[in-house]
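Read the structure below first, then the notes.
Computed from a prediction, not measured in an experiment: that's the story for all the values here.
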Amino acid sequence: MSTKHPAHPDASPLGKPVAYAEHYAPELLFPIARQGKRDEIGLADGVLPFVGEDLWNAYELSWLDPRGKPVVALASFRVPADSPNIVESKSFKLYLNSFNQTRVDSVADLGKTLARDLSDAVGAQVTVQVEPLSTRPERTIGYPDGVLLDTLDIDIDRYTPDPSLLKADHGAPEVGETLYSHLLKSNCLVTGQPDWAMVVVRYYGAPIDREALLRYIVSFRQHNEFHEQCVERIFVDILRECRPSKLSVWARYTRRGGLDINPYRRTPGLPAPAPVAEVRQ
């Protein structure tokens, strides 16, 4: 598998006027190396305390069949967390739109092309599912089976990430619970545009202080970082500060440009999150 050379986020098409390509253009994909941000949170190259994926959902995918008739579809993409690169989201949108006037022999051929190009960009095998709307695909929207933190009546005054806010009661019996919040907001690393998400924390260990966890989640409100990087920062901070024996963190971000991004990170042995969309998605 060949790998596209990653570049600095400032060189991406984010926040810049860009002409849409009308025909297949895999060169539009813009990879960004993960390691730079992982260095910031103390993760050595190739030594990760988690496994996981970035699940992308595309809602604006179209191409032409061999006779020139448009096909419209939903698509999902699973990018392994141990891939060396992510793909910048606007470049992903531009790439998908480059199929708009491209004739494709079959859905299977399109899936193979998407998987090949994205795998080359991120440096690992990407799994792709394409579902034409003619097949009547459905989406499940729901809420986590856990405790919502957002109703806690607390004062908050910090809006940049502060892991010192986190704490757990290590003198209490261990618990296993799921805590979640709709109040995660961060900003795009390049443009500063707001990103909105639900974040879910599943853990086993000393009880995590719920008020402290909510304050920590809200502390991302003025933070500039890509979705995948925010989730990894949350995972690492909770793991270090609260020391659970098992931990899973996932976020479901609202869509932008016809795409939503849903990263999850978990300690080995915990299941992947169920494919249930957040109501704002």
Side-chain angles (χ1 to χ4, degrees), residues 8-12 14-15 32-44 48-50 52 54 81 86 88-90 144 147-169 178-203 205-244 247-256 260-266 278 280-281:
H8 192 276
D10 289 344
S12 82
L14 266 177
I32 298 172
R34 295 188 192 266
Q35 192 54 44
K37 279 292 181 176
R38 287 176 173 172
D39 288 341
E40 289 184 13
I41 56 176
L43 297 183
L48 299 176
F50 51 67
D54 306 326
I86 62 174
E88 185 276 314
S89 61
K90 185 174 181 180
V147 177
L148 176 66
L149 300 176
D150 302 351
T151 58
L152 293 172
D153 186 15
I154 59 174
D155 295 326
I156 297 178
D157 60 4
R158 295 184 219 182
Y159 302 104
T160 54
D162 186 354
S164 71
L165 290 167
L166 294 164
K167 54 185 177 180
D169 184 358
T178 299
L179 309 174
Y180 72 99
S181 172
H182 299 288
L183 302 186
L184 179 61
K185 173 196 168 287
S186 54
N187 303 311
C188 174
L189 181 63
V190 177
T191 67
Q193 293 184 15
D195 297 318
W196 309 91
M198 175 186 71
V199 62
V200 184
V201 176
R202 175 67 175 168
Y203 75 96
I208 292 176
D209 185 305
R210 295 177 181 180
E211 292 186 359
L213 179 58
L214 183 59
R215 288 190 177 96
Y216 171 75
I217 290 169
V218 174
S219 76
F220 278 76
R221 196 166 180 85
Q222 294 181 321
H223 181 62
N224 296 340
E225 208 163 41
F226 291 138
H227 304 10
E228 302 92 335
Q229 298 161 351
C230 286
V231 169
E232 292 189 359
R233 186 178 296 274
I234 292 169
F235 182 99
V236 168
D237 284 349
I238 294 175
L239 192 66
R240 288 176 177 161
E241 299 296 326
C242 300
R243 306 194 301 277
L247 175 64
S248 176
V249 175
W250 68 92
R252 294 196 171 275
Y253 280 86
T254 59
R255 73 182 74 170
R256 182 191 294 170
D260 66 43
I261 308 172
N262 309 272
Y264 74 84
R265 303 292 184 264
R266 58 184 174 84
E278 201 255 2
R280 292 175 292 177
Q281 294 182 314

Practice task
Would you check if Val231 and His227 make a side-chain contact, meaning some heavy-atom pair closer than 4.5 Å?
Solution key: no
Exercise for the section: Would you please name every residue forming a side-chain hydrogen bond (donor to acceptor under 3.5 Å, both in side chains) with Glu40, sequence neighbours left out? Expected result: Lys37, Arg233
Tell me which donor-acceptor pairs under 3.5 Å the side chains of residues 147-156 have, and how far apart each pair is, sequence neighbours excluded?
from   : atom 1 : to     : atom 2 : distance (Å)
Asp150 : OD1    : Ser181 : OG     : 2.6
Asp150 : OD2    : His182 : N      : 2.9

Problem - Contact list for residues 211-221, test side-chain hydrogen bond (donor to acceptor under 3.5 Å, both in side chains), sequence neighbours left out - result: Tyr216-Asp237
Fill in the blank from the handout: Output for pair (Arg202 CZ, Thr178 OG1), nearest 0.5 Å, gives 3.5 Å
Exercise for the section: Please identify each residue that fulfils side chain to side chain contact (heavy atoms under 4.5 Å, CB included) with Gln281, with sequence neighbours left out. Expected result: Arg139, Arg252, Asp260, Asn262, Ala277, Glu278
Handout entry: From CD1 (Ile217) to CD1 (Ile234), nearest 0.5 Å
Key = 6.5 Å
Problem - Residue pair Ala44 / Gln35: nearest heavy atoms and the distance that separates them - result: C-NE2, 3.8 Å
Exercise for the section: Evaluate the criterion side-chain contact (heavy atoms from CB on, under 4.5 Å) for residue pair Val199 and Phe220; output intermediate values, then yes/no. Expected result: CA-CA 12 Å; Val199 62; Phe220 278 76; over 6 Å; no
Handout entry: From Leu43 atom CG to Arg34 atom CZ, the distance as rounded to the nearest 0.5 Å
Key = 12.0 Å
Practice task
Output all residues satisfying salt bridge (charged side-chain N to carboxylate O under 4.0 Å, His left out) with Arg243, sequence neighbours left out; order by chain, then residue number.
Solution key: none
Problem - Plane angle bin for Phe50 and Phe235 - parallel if under 30°, tilted between 30 and 60°, otherwise perpendicular - result: perpendicular
Practice task
Could you tell me which residues satisfy side-chain hydrogen bond (donor to acceptor under 3.5 Å, both in side chains) with Arg158, sequence neighbours excluded, listed by chain and number?
Solution key: Asp162
Practice task
Check whether any side-chain heavy atom of Phe226 lies under 4.5 Å from a side-chain heavy atom of Ser89, and answer yes or no.
Solution key: no
Problem - Spacing of CG belonging to Asn224 relative to SG belonging to Cys188, to within rounding of 0.5 Å - result: 8.0 Å
Exercise for the section: Using the test side-chain hydrogen bond (donor to acceptor under 3.5 Å, both in side chains), find all partners of Glu232 that sit at least two apart in sequence or belong to another chain. Expected result: Arg38, Arg265
Fill in the blank from the handout: Sorted by chain and number, sequence neighbours left out, side chain to side chain contact (heavy atoms under 4.5 Å, CB included) with Ala168 holds for His170, Ala206, Ile208, Cys242
Exercise for the section: Return each pair, listed once, that meets salt bridge (Lys or Arg N to Asp or Glu O under 4.0 Å) where at least one residue sits in residues 180-201; pairs must be two or more places apart or across chains. Expected result: Asp195-Arg256
Practice task
Evaluate the side-chain proximity of Ser248 to Val201: yes if any heavy-atom separation is below 4.5 Å, no if none is.
Solution key: no
Practice task
Starting at CD1 of Ile32, measure out to CD1 of Ile86 and round the result to the nearest 0.5 Å.
Solution key: 5.0 Å
Completion exercise
Looking only at heavy atoms, the pair that brings Arg240 and Gly42 closest together is NH2-O, 3.3 Å
Practice task
Begin with the C-alpha distance, continue with both residues' side-chain angles, and end with the deciding distance and a verdict on side-chain contact (heavy atoms from CB on, under 4.5 Å) for Arg266 and Trp250.
Solution key: CA-CA 8 Å; Arg266 58 184 174 84; Trp250 68 92; over 6 Å; no
Completion exercise
Residues passing the side-chain hydrogen bond (donor to acceptor under 3.5 Å, both in side chains) test with Arg210, sequence neighbours excluded, are Glu177
Practice task
Check whether any side-chain heavy atom of Leu189 lies under 4.5 Å from a side-chain heavy atom of Gln229, and answer yes or no.
Solution key: yes
Exercise for the section: Would you indicate whether the side-chain heavy atoms of Met198 and Pro144 approach each other to under 4.5 Å? Expected result: yes
Handout entry: Minimum side-chain heavy-atom gap Pro263-Glu228 below 4.5 Å
Key = yes
